[in-house]
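Remember, it's a predicted structure, so these values are computed and weren't measured experimentally. The chains referred to below are lettered A, B, ... by the order of the sequence lines, with proteins before strands, and numbering in each begins at 1.
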Amino acid sequence: MPASTRSWRARAEVKAGDPLSPGPRPHPSTAIRVLGFSLRDRHSGYVFIAPAILLLVAVLAYPALRSLRLSLAHPGPGPGGVTLLQYGELLGSGLFRQVVRNTALFVVASVALHVALGLGIALLLNRPLYGRTAFRVLALLPWVVPDVVAGIIWKWILNPLYGVLNEGLFRLHVIAAPVEWLTAPTLVLPSVILANVWRGFPFVMIIFLAGLQSIPAELYEAAAIDGAGTVQRFRHVTLPGLRKIFVVALALDTIWEVRRFGLIQAMTGGGPGTLSEVLSTQVFKQYFQFFKFEYASAMAIAMTGLLLVVSLPYVRMIVREE
Amino acid sequence: METAVIYSRSRLVAGFVYSLLTVIGIFVLFPFLWMLLTSLKQETEALRVPATWLPQAPTVEAYVTMWLRKNYARYFLNSTIVALSTAVISTFLGAMAAYGFSRFRLRGRAWLMGFILTTQMLPGVLLVGPYFQILSSVGLYDTRTGLIVAFLTICLPFATWMLKGFIDGIPVELDEAAIVDGAGRFEVFARIVVPLIRPGMVATTLFAFLLAWGDLLWVQTLTNSEAMVTVTLAIARTVQEFYVKWPELMAGALMGGLPGIVLYLVMQRWLVQGLTAGAIKQ
C-alpha cells in the first residue's frame, strides 16, 4: 500500500479517537451517508472536468467556430450573410492545389519514413545489446529540440556553398558541383523531408520499442514450440501485438506532420517561390501577410476537415475501447 | 560443429546490427555535433572551404554576442516563463479532468471525451486568426498571458489524454477505501491519486513544456514587440535576415535546444514511460 494511503488511514483513526468526534456511526446512517455521497458524487465528477472543458470551449471551440463563420463571410464591407465564395476560389486556385500536393507529399513521405525507420530500428533494438539504453536515450534527442532548431541545423548542413553535406559528397566524388538542396525545385521538398525524418523518427521508434517489449515472451515461446520460424513469428506474434500501437503512432504522427510549421518556416519559408508551401505556412501567409482573412479561414477549415478525416480510424478505435 | 556455425552466424548478425546502429547513431548525433562545432568557430572559419573539423581558433564570441549584445537573456526568460506556466497549468487541469473522466459515469462522457480528442486535431492555423482578434479586443495581444492561454490549446488536450491513461491504471478500490474513511473527492484526488501518478505528471509537464517552448506559429502571430520575443522567434527571425552569421545562429539554436535536451536527459525515464503508457495498455 502506498505511503500516502497509509498516512490517510492513520489520520482517519486519529479522528475516530477524538472525543469530540461523534465516534463510530451506526450502520444504517452510514448507508444513507454513502447513498447521499454517491448522489452528489456524480456532480463532483463534473466539477473535476469543468475547468478543462470550459477552458477548451473558450480557447478552442469558440475560435474554431469563429474561423468557420469567417470562412463563410463576404470579404470586405459588403452584404452580410453566408457565401461559399472562398471555397469556390480555393477549388479554382492552382496555388491551393499545389499546396495540397506539397502537404500530401510532405506528410506521407515523412510518416512513411518515420514508421519504416522507427519500426526497423525498434526491431533491431529489441534484443540484448551493449549500450542499448544509451542508444535509446540519445536517439530521442532530435525529437526534444524545437522543430525550428532542427530546421536551422539542417539549413546549415544543406547550405550550397558552405554546407558540410555538399563538401562531403564532393570529396567522395558523388557530386562535381554544389547542389542547391533548398532552392532547386525538385530537391527542396525532399530536403525538408530529410530534416523532418531526422526530427521525427525517434518518437515512433520509442513507441514501437515499448510496444515490442509489451508482447509477452510466452507468445514467442509458444509459437516456437508450434514450429513457427522467424518470419512466421514476426507475422503472427509481432505484428498483431503491435497493431494498436501502430494505429496510435500513425495517427499522432500524421496529425503532427500535417500541422508542422516551424521546420518549414525556418528552412525555406515556403520557397523558392511557393514550391515548398504547405497548408500551415500558406494559411499563415494568406492571413498575416496578404490579410485575406476569409480566404485564409476557408483554407484552414479545409485543412481541419482533412485532419479530421485522416484521424477518423484512430478516433473510432479509441471510442470503441472506452 | 553445428553450434559453431550458429555461433558464427549470430556473431555475423550482431556485427551487422552494431554497424547499422552506428550509422544511425551518426545520422542522429552528427547534426548536433556540427551545430556545436560551428558555434565555436569564427565566422571566417565557419565559411571556409574546405571546412575545418575542429575550430582552429575556438571562440565563444557567438555566445557573448548573444547574451551581451543581443537580447537573448530576455528571450530566454520569456520562453521559460511562458513554457513553464503552460506546462504547470495544463498538467494540473489535465489531471483533474483525467480524474473526472476516469472515475465518474458522467452523462455525455463519450461526447466530452470525443471533444477533447478532437481538439487535439485542430491545426494551430485554424485558431491563430481569431485569436489575434480576440486577444486584441481583451488587451492580451502581445502579452505573455496571451501566449500562455494560446499554448493551453495545444497542451491541455494532450495532458488530459496522457494522464487519463495513468489514472485508469490505479485501482478504484483505493479511492473507495478513502471515501469510506470519510475523505472528500478532492482529497482523494490530491492525496492519493496525484502522488501515485507522479511519473505521469512529470512526463506530462515535460511534454507540455517542450510543446510550448518549441512553438513558433503562435509567438509569431500573437506578439509584436521586442519585449515579448521568445527564443524560437529570435532564431527564426535571424535566419530570415539578409546576411546570416552562422556561428551566431548555431549558438542560438543550441541554446534554444538545450533546455529541452537537459530536462529530457534528467527525466527521460519518466517521459518515455509517460508517452508510451497510454499507447501500450492493451
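A heavy-atom distance below 4.5 Å is found between the side chains of B:T221 and A:F288. Side-chain contact between A:L60 and B:P157: present, with at least one pair of heavy atoms (C-beta onward) separated by less than 4.5 Å. Residues B:L122 and A:T304 meet the side-chain proximity criterion, which asks for heavy atoms closer than 4.5 Å. Put simply, the side chain of A:W156 does not reach to within 4.5 Å of the side chain of B:L249, judged on heavy atoms. Inter-residue side-chain proximity for B:L127 and A:S67 is flagged as unmet; no heavy-atom pair is nearer than 4.5 Å. You'll find the side chain of A:F135 stays beyond 4.5 Å of the side chain of B:V28, heavy atoms only. At a threshold of 4.5 Å between non-hydrogen side-chain atoms, the residues B:I134 and A:R66 count as touching. The shortest distance between side-chain heavy atoms of A:V315 and B:T118 does not fall below 4.5 Å.
Between A:W198 and B:P31, the closest heavy-atom pair is NE1-CG, 3.6 Å. Closest of all the heavy-atom pairs between B:L271 and A:W143 is CD2-CZ3, 4.2 Å.
Heavy atoms of B:F158 lying under 4.5 Å from chain A belong exclusively to its side chain. In this structure, chain A has heavy atoms under 4.5 Å from both the backbone and the side chain of B:I235. A:I121 touches chain B through its side chain: at least one heavy atom from C-beta onward sits under 4.5 Å away, while N, CA, C and O do not. With a 4.5 angstrom heavy-atom cutoff, A:L252 touches chain B only via side-chain atoms. Of the two parts of B:L21, the backbone and the side chain both hold a non-hydrogen atom closer than 4.5 Å to a non-hydrogen atom of chain A. With a 4.5 Å cut-off on non-hydrogen atoms, B:I154 touches chain A through its side chain but not through its backbone. No part of B:L211 comes within reach of chain A, as not one of its non-hydrogen atoms sits under 4.5 angstrom from that chain. B:F207 touches chain A through its side chain: at least one heavy atom from C-beta onward sits under 4.5 Å away, while N, CA, C and O do not. Looking at A:R136, the atoms closer than 4.5 Å to chain B (heavy atoms on both sides) sit in the backbone and in the side chain alike. Neither the backbone nor the side chain of A:V258 comes within less than 4.5 Å of any heavy atom of chain B. Both the backbone and the side chain of B:Q120 come within contact range of chain A, each with at least one heavy atom under 4.5 Å from a heavy atom of that chain. Contact annotation for B:M250: only side-chain heavy atoms (C-beta onward) come within less than 4.5 Å of a heavy atom of chain A. If you measure heavy-atom distances from B:L20 to chain A, the contacts under 4.5 Å come from the side chain alone. Residue A:L161 touches chain B through its backbone alone, counting heavy-atom pairs closer than 4.5 Å. With a 4.5 Å cut-off on non-hydrogen atoms, B:A110 does not touch chain A at all. Interface residue B:L217: backbone and side-chain heavy atoms are both found under 4.5 Å from chain A.
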- Task: Let me see the working for B:R185 and A:F48 under side chain to side chain contact (heavy atoms under 4.5 Å, CB included), right down to the final yes or no.
- Result: CA-CA 9 Å; B:R185 272 292 182 179; A:F48 274 103; 3.9 Å; yes
- Task: Give the intermediate values and the outcome of ring pair (Phe, Tyr, Trp, His ring centres under 6.0 Å) for residues A:F261 and B:W218.
- Result: CA-CA 10 Å; A:F261 175 80; B:W218 296 87; over 10 Å; no
- Step by step, would you call B:W246 with A:N159 a side chain to side chain contact (heavy atoms under 4.5 Å, CB included)? CA-CA 11 Å; B:W246 284 102; A:N159 188 299; 3.8 Å; yes
- Message: Could you go through B:F104 and A:S44, starting from their C-alpha distance and side-chain angles, then the distance that decides it, and tell me whether this counts as side chain to side chain contact (heavy atoms under 4.5 Å, CB included)?
- Response: CA-CA 9 Å; B:F104 298 90; A:S44 57; 3.7 Å; yes
- Would A:L279 and B:V125 satisfy side chain to side chain contact (heavy atoms under 4.5 Å, CB included), going step by step from the backbone distance to the final call? CA-CA 9 Å; A:L279 281 166; B:V125 286; over 6 Å; no
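Within the model, atoms CG of B:L93 and CD1 of A:I53 stand 11.5 Å from one another, a figure rounded to the nearest 0.5 Å. Between the OH atom in A:Y46 and the CZ atom in B:R109 there is a gap of 11.0 Å [rounded to 0.5 Å].
Side chain of B:Y18 to backbone of A:Y130: a donor-acceptor contact under 3.5 angstrom is found. In terms of modelled atom types and a separation under 3.5 Å, the side chain of B:W213 and the main chain of A:P146 share no donor-acceptor contact. No donor-acceptor pair under 3.5 Å is formed between the side chain of A:Q265 and the backbone N or O of B:A236. Side chain of A:Y287 to main chain of B:L126: no donor-acceptor pair is present (N/O by atom type, distance under 3.5 Å, no hydrogens or angles). In this structure, the side chain of B:Y264 engages the main chain of A:V137 through a donor-acceptor pair within 3.5 Å.
Counted within 6.0 Å of CZ on A:R316, heavy atoms from surrounding residues, nucleotides or ligands total 12 or fewer; the atom is thus considered open. Counting non-hydrogen atoms of neighbouring residues, nucleotides and ligands closer than 6.0 angstrom, the CZ atom of A:R243 reaches no more than 12 such neighbours.
Taking A:L117, A:D147, A:I255 one by one and counting their heavy-atom pairs under 4.5 Å with chain B, the maximum is reached by A:I255.
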